[in-house]
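First up is the structure itself, then whatever we jot down about it.
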Amino acid sequence: ENIPQFDLGVIDEAGQATEPSCWISLLKCRQAVLAGDSQQLPPTVISQEAQALGLGVSLLERCEDVQGGSLVQRLT
């Protein structure tokens, strides 16, 4: 299918979203905003195998670990 490219993608509650679910929409965005709190509820992953393979870590958490956290802007 020919899905249009979007200028901006916003993922709300990104701390609770699994990484694959975020990539579905992010692949069609030029820029993205991940909004949420990775210190609250983690992604819901029922499979222990998937959890062990890293799906229990959200994309937001991974972004926090990149470049010493320079990709993250915390609001207080």
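Note: hydrogens, waters and symmetry copies are ignored here, and every other heavy atom, side chains too, is used. Along the sequence shown, residues carry numbers from 1.
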- Message: I'd like to know whether CD of Gln5 has more than 12 heavy-atom contacts from other residues, nucleotides or ligands below 6.0 angstrom.
- Response: yes
Return the set of residues passing side chain to side chain contact (heavy atoms under 4.5 Å, CB included) with [X] (not counting sequence neighbours), or none when no residue passes.
{"X": "Ile24", "answer": "none"}
{"X": "Ser25", "answer": "Ile11"}
{"X": "Pro42", "answer": "none"}

- Contact list for residues 36-52, test salt bridge (Lys or Arg N to Asp or Glu O under 4.0 Å), sequence neighbours left out: none
- Task: Identify, with sequence neighbours excluded, every residue that meets side chain to side chain donor-acceptor pair (under 3.5 Å) alongside Glu64.
- Result: Ser38, Arg74
- Query: Looking at CG of Leu26 and CD of Gln31, how far apart are the two atoms once the value is rounded to the nearest 0.5 Å?
  - Reply: 12.0 Å
- Query: At what distance, to the nearest 0.5 angstrom, does CD of Glu13 lie from CG of Leu34?
  - Reply: 12.0 Å
- Note on the structure: Of all heavy-atom pairs linking Pro43 and Gly15, the shortest is CD-O, 3.5 Å
List the atom pairs, with distances to 0.1 Å, where a side-chain N or O of residues 55-63 and a protein N or O form a donor-acceptor pair under 3.5 Å, not counting sequence neighbours.
unit_1	atom_1	unit_2	atom_2	d
Ser58	OG	Glu61	N	3.1
Ser58	OG	Glu61	OE1	3.4
Glu61	OE1	Ser58	N	3.0
Arg62	NE	Glu19	OE1	2.3
Arg62	NH2	Gly54	O	3.0

